[in-house]
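Structure first, commentary second.
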Protein chains: 2
Amino acid sequence: MTLDELKAFVSIAESGSFTNASTQLHRSQPAISRRIDLLEDELGAPLFERQGRNVILTAAGEALLPHAQTVLAAVRDGQRAVEKLNENSREVLSIAVVGTIADSYLVEALRAFQVE
Amino acid sequence: MTLDELKAFVSIAESGSFTNASTQLHRSQPAISRRIDLLEDELGAPLFERQGRNVILTAAGEALLPHAQTVLAAVRDGQRAVEKLNENSREVLSIAVVGTIADSYLVEALRAFQVE
DNA sequence: TAATATTACGTATTACGTAAAGATT
DNA sequence: AATCTTTACGTAATACGTAATATTA
């Protein structure tokens, strides 16, 4: 089991589709599909019922979801805890772009990056 | 961040050395060393103070440890939750060995395998 | 010098994305 | 037909172990 697999699983469960999860996680759809495929293999049980458009959690999926969410939350908490200690020693990142981009795409790109 | 990195980190913290962790996790020492190296890079902070023989947690390591333990516990809980649902449909694994081994190594090997 | 951690490096595994196919409404 | 998921597959990244190199008691 890997964190990427759990991220994919939770994202699908919360967003309702593989496609939504793929955009949330900045991956292609097949990449998400593979992660779930592997996770289901490891666990020996299907996690979603694929009924055409809508994706529904199986019993195994329902059983796993809260634990998976706990895992991801604990990972975030751990990262934040270390970040707090690093606050004193921040680093500088310089970004150089051509002027025409600075006003248009750059702002949006930085915003999207920050969200992650 | 990956689960293997967290496993290595927790194992070292709990066992007191990279070497102990490497045997616990059935990996070579360099593999463990590399996992920690990567984890420290990602977090931007050292997790252990390497003072010769004994390995001590840094402030960042202390901050991370409880969260990492939570992560690993939640992973185990999730696996168990799904396993419970699978209990009805167990599978059979047949193992064939030469007779002389059956009495000596096999028992120990199965015990070691089960512990994981 | 004995025990431990880190580099170096070659091989094997795994992961991604694109493209194509399958399936469902 | 349109939307979504899965296969197939080639390339790129990652992980492991062995061997060699520090480093410390």
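Computed from a predicted model, the values in this text were never measured in an experiment. Every heavy atom of this structure was used, including side-chain atoms; hydrogens, water molecules and symmetry mates were not. Just so it is clear: chains get the letters A, B, ... in the order the sequence lines come, proteins before strands, and each one is counted from 1.
The side chain of T19(B) places no N or O atom within less than 4.0 Å of a non-bridging phosphate oxygen (OP1 or OP2) of dA3(C). OP1 or OP2 of dT7(D) has not a single side-chain nitrogen or oxygen of R34(A) nearer than 4.0 Å. Proximity of S33(B) to the phosphate of dT6(C): a side-chain N or O atom is located under 4.0 Å from OP1 or OP2. Here R35(A) reaches the OP1 or OP2 of dA15(C): one of its side-chain N or O atoms lies under 4.0 Å away.
Cluster annotation: L38(A) is not connected to L64(A) through the hydrophobic network of ILVMFWY side chains, with a link wherever side-chain heavy atoms come within less than 4.5 Å.
As a whole-Å value, the separation of L25(B) CG from dC16(D) P is 10 Å. If you measure from atom CD of E5(B) to atom P of dT14(D), you get 11 Å, rounded to the nearest angstrom. As rounded to whole Å, 13 Å separates atom P of dC16(D) from atom CG of D37(B). Straight-line distance from the CG atom of D41(A) to the C1' atom of dT7(D): 14 Å, rounded to whole Å. Computed from coordinates, the F18(A) CZ to dT7(D) C1' distance equals 14 Å when rounded to whole Å. E49(A) has its CD atom 20 Å from the P atom of dC4(D), to the nearest Å. Taking atom CD1 on I32(B) and atom C1' on dG17(D), their separation rounds to 12 Å, with Å as the unit. Rounded to an integer number of Å, the gap from CZ of F48(B) to C1' of dT24(D) is 18 Å.
For S28(A), the side chain to side chain contact (heavy atoms under 4.5 Å, CB included) partners at least two apart in sequence or on another chain are P30(A), A31(A).
Between the side chains of S22(B) and Q29(B), not a single donor N or O lies within less than 3.5 Å of an accepting N or O.
At least one donor-acceptor pair closer than 3.5 Å links the side chain of T58(A) to the backbone N or O of L47(A).
Residues V71(B) and H67(B) are not in side-chain contact: their nearest non-hydrogen atoms beyond the backbone lie 4.5 Å or more apart. Counting heavy atoms from C-beta on, the side chains of Q69(B) and L72(B) never come closer than 4.5 Å. The shortest distance between side-chain heavy atoms of R35(A) and F18(A) does not fall below 4.5 Å.
Heavy-atom neighbours of R50(A) CZ from other residues, nucleotides or ligands within 6.0 Å: above the threshold of 12.
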- Message: For nucleotides 18-25 of chain C, give me one character per nucleotide, 5' to 3': B if any protein heavy atom sits under 4.0 Å from the base, S if the only such contacts are to the sugar-phosphate, - if neither.
- Response: BB----BB

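Under the 30°/60° scheme for interplanar angles, the aromatic rings of F48(B) and F9(B) are found to be tilted.
For the contact set between residues 8-16 of chain B and DNA chain D, defined by any heavy atom under 4.0 Å, there are no members.
Residue contacts for I36(B): at a heavy-atom cut-off of 4.0 Å it reaches no nucleic acid atom on any strand shown.
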